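Please read the structure below before turning to the comments.
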Amino acid sequence: MSIDGEIDRRRTFAIVSHPDAGKTTLTEKFLLFGGAINVAGAVKSNKIKKTAASDFMEIERQRGISVATSVMGFEYRGKQVNILDTPGHQDFAEDTYRTLTAVDSVIIVIDAAKGVEPQTKKLMSVCRMRNTPVIVFINKLDRPAKDPFDLLDEIEEQLEIRVRPLSWPIGSGPQFKGVYDLYGEKLNLFSGQSKQKVEEAIEFRDLNNPDLEQYIGEDFSATLREEVELIQGVYSKFDPHQYMQGHLAPVFFGSALNNFGVRELLECFLDISPAPQSTEAQERHILPGEDEFKGFVFKIHANMDPNHRDRIAFVKVCSGVFRRNTNYLHVRAGKKMKFSSPTSFMASRKSVVEEAYPGDIVGLHDTGNFKIGDTLTEGENIHFKGLPSFSPEMFRYVENADPMRYKQLDKGLDQLMEEGVAQLFKGKNNGRKIIGTVGQLQLDVIQFRLKHEYGASCRYENLPMYKACWIESEDREQLEDFRKRKEQAMAVDRHGREVFLAESPHSLKMAQEKYPNIKFHFSSEF
Ligand code: G4P
């Protein structure tokens, strides 16, 4: 097959959700359709379970297992589908954001009873930054749910994206009868019994056909007709172009656990979702069809298990063909490297790849050469646009606890930050190092890894801050005044960008009011 054919048939995406909305369950059902696994529960067992923070070793053990499922590939309807897995644990949210830079589209799962949750919003804001096309799957309709119209309004309002339902639920909870597939014009009836069996949907082009009553009874028929009419009136016809530009999210309803409404989602996804798209580099746009290979590292996985202390750098192929045992330029390091055993990930099977195409992910064994954002090319000096950092939620001063080994501590911290374990800032007035994380788990992981991998010890000192804001202004006077007055709260990130550490929502608000010409950003990319 030609390279263009290979590109055309690839779909690289991620399924994301607020924890517990059903991401893992939906992923598993997709894999079942793709024949990549044949038992329900196969993915589930790899999921990072909800564990107390002190149990991070257990989480790491599970993370080790989940390397194999970092990318789950399968073929379906002639398409090569690559699902990029994202960590289930909230404390590793940064990993998820980075993974989103390597996908061409996203499916967001929302719990029908809970609606939009905090993590859903954050994930959507990351998608919005790159205009990533998004499909929404509203899950758990077999449980009592919010009104579907209210859910749509909530999504539009809170996720700031226009929506267009492509399937519609008939009842919910104990009354759940099924969904009407507006996209395929089919009726899909729910029978609560067969949890894994997928019933054939019934072709149903005209809802005024009196046969509808036979299937779902008079009341539900009347409601469905009314609601579908309302939908046709309120929402304009689905426009795939708007979806591709990230301006419109098609919405599906179903129950992942019952494998219900999932096939419609997958079928439609394959019809409308984008093949590998161009990638933005500092120098220029990189088109997938270019002859020369280019790729970037979006994730590094280090195994904490002392018996397998290997690191894997995950490279997204952006253009051309990646080939085994071929010399490539590591642009940042300015040196040529070749890889004898690059791996691909087909479901839970790892295997050595000879070639990989745009949209594919290859895993490269790494002995510390890579950091997140690094570029590999056939010689061209290309730098992919940085991956965004988001304001951490937790801040700690980090202190050396072993005066004899401060060099090791510096080296360890540097490397861990390059892997993206957490963010490091430096106080402007006192030069002290500040670690910023999403949760306690990352702090534990850092301490543990410093000790076991670098022989260094660190101590944390509480720094009760609310957010780190990257600041920007054209008004030099205001900026200078702000810097002077907030000297104690100013820091720089690892790239030397200036951040303001706001103590509380109130202090941030005060600063925003007092300095209207300064912009305060919660992410490093704006
Ligand atoms: P996550 O990856 O987004 O965190 O969610 P996950 O798929 O693990 O699902 C979270 C919980 O919700 C699981 O229950 C799962 O079985 C359940 N669930 C997922 N989809 C549906 C659905 O369509 N209907 C209903 N009723 N439940 C659903 P759990 O009790 O936490 O785990 P488990 O013991 O069932 O594995």
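Values below: all heavy atoms of this structure, side chains included; hydrogens, waters and symmetry mates excluded. All ligand and atom numbering here is 1-based and tracks the order in the structure. None of these values were measured; they are calculated from a predicted model. The first residue in the sequence is number 1, and the count goes up from there.
Paired with Glu419 under the rule side-chain hydrogen bond (donor to acceptor under 3.5 Å, both in side chains), one option of Lys371, His301, Arg449, Lys299 passes, and it is Arg449. Remark: of the listed residues Phe220, Phe252, Tyr235, Phe149, Phe149 is the sole one forming a ring-ring contact (aromatic ring centres under 6.0 Å, His included) with Trp168.
Only the side chain of Asp142 comes within contact range of ligand 1, with a heavy atom under 4.0 Å; no backbone atom does. Looking at Asn139 against ligand 1, only its side chain comes within 4.0 Å, counting heavy atoms. Both the backbone and the side chain of Ser255 come within 4.0 Å of ligand 1, judged by heavy-atom distances. With a heavy-atom cut-off of 4.0 Å, Arg143 touches ligand 1 through its side chain alone.
Set against the non-hydrogen atoms of Ala256, the atoms of ligand 1 under 4.0 Å away are 23 (O). Residue Lys23 approaches ligand 1 through these ligand atoms, each under 4.0 Å from one of its heavy atoms: 1 (P), 2 (O), 3 (O), 5 (O), 7 (O). Every atom of ligand 1 is numbered from 1 in the order shown, and the set under 4.0 Å from a heavy atom of Pro19 is 4 (O). Near Ser17, with a cut-off below 4.0 Å to any heavy atom, the atoms of ligand 1 are 3 (O).
Of the candidates Leu257, Val109, Asp20, it is Leu257 that places a heavy atom closest to atom 27 (N) of ligand 1. For atom 7 (O) of ligand 1, the nearest non-hydrogen atom from the set Ile138, Thr25, Asn259 comes from Thr25.
Taking only nitrogen or oxygen atoms, main chain and side chain alike, Leu26 does not reach within less than 3.5 Å of ligand 1. Not one N or O of Gly254 is nearer than 3.5 Å to an N or O of ligand 1, by distance alone. Inclusion of Asn258 in the set of residues having an N or O under 3.5 Å from an N or O of ligand 1 is not warranted.
Remark: the Glu264 side chain and the Tyr180 side chain contain no N/O donor-acceptor pair separated by less than 3.5 Å. In this structure, a donor-acceptor pair under 3.5 Å is absent between the side chains of Asn82 and Arg11. A donor-acceptor contact under 3.5 angstrom links the side chains of Gln242 and Arg162, judged on distance only. Between the side chains of Asp493 and Trp470, at least one donor N or O lies within less than 3.5 Å of an accepting N or O.
The distance from atom NZ of Lys29 to atom CG of Leu266, rounded to the nearest 0.5 Å, is 13.5 Å.
Between Phe425 and Val499, some side-chain heavy-atom pair lies under the 4.5 Å cut-off.
Nearest heavy atom pair, residue Arg164 against residue Gln232, reads NH2-OE1, 3.4 Å.
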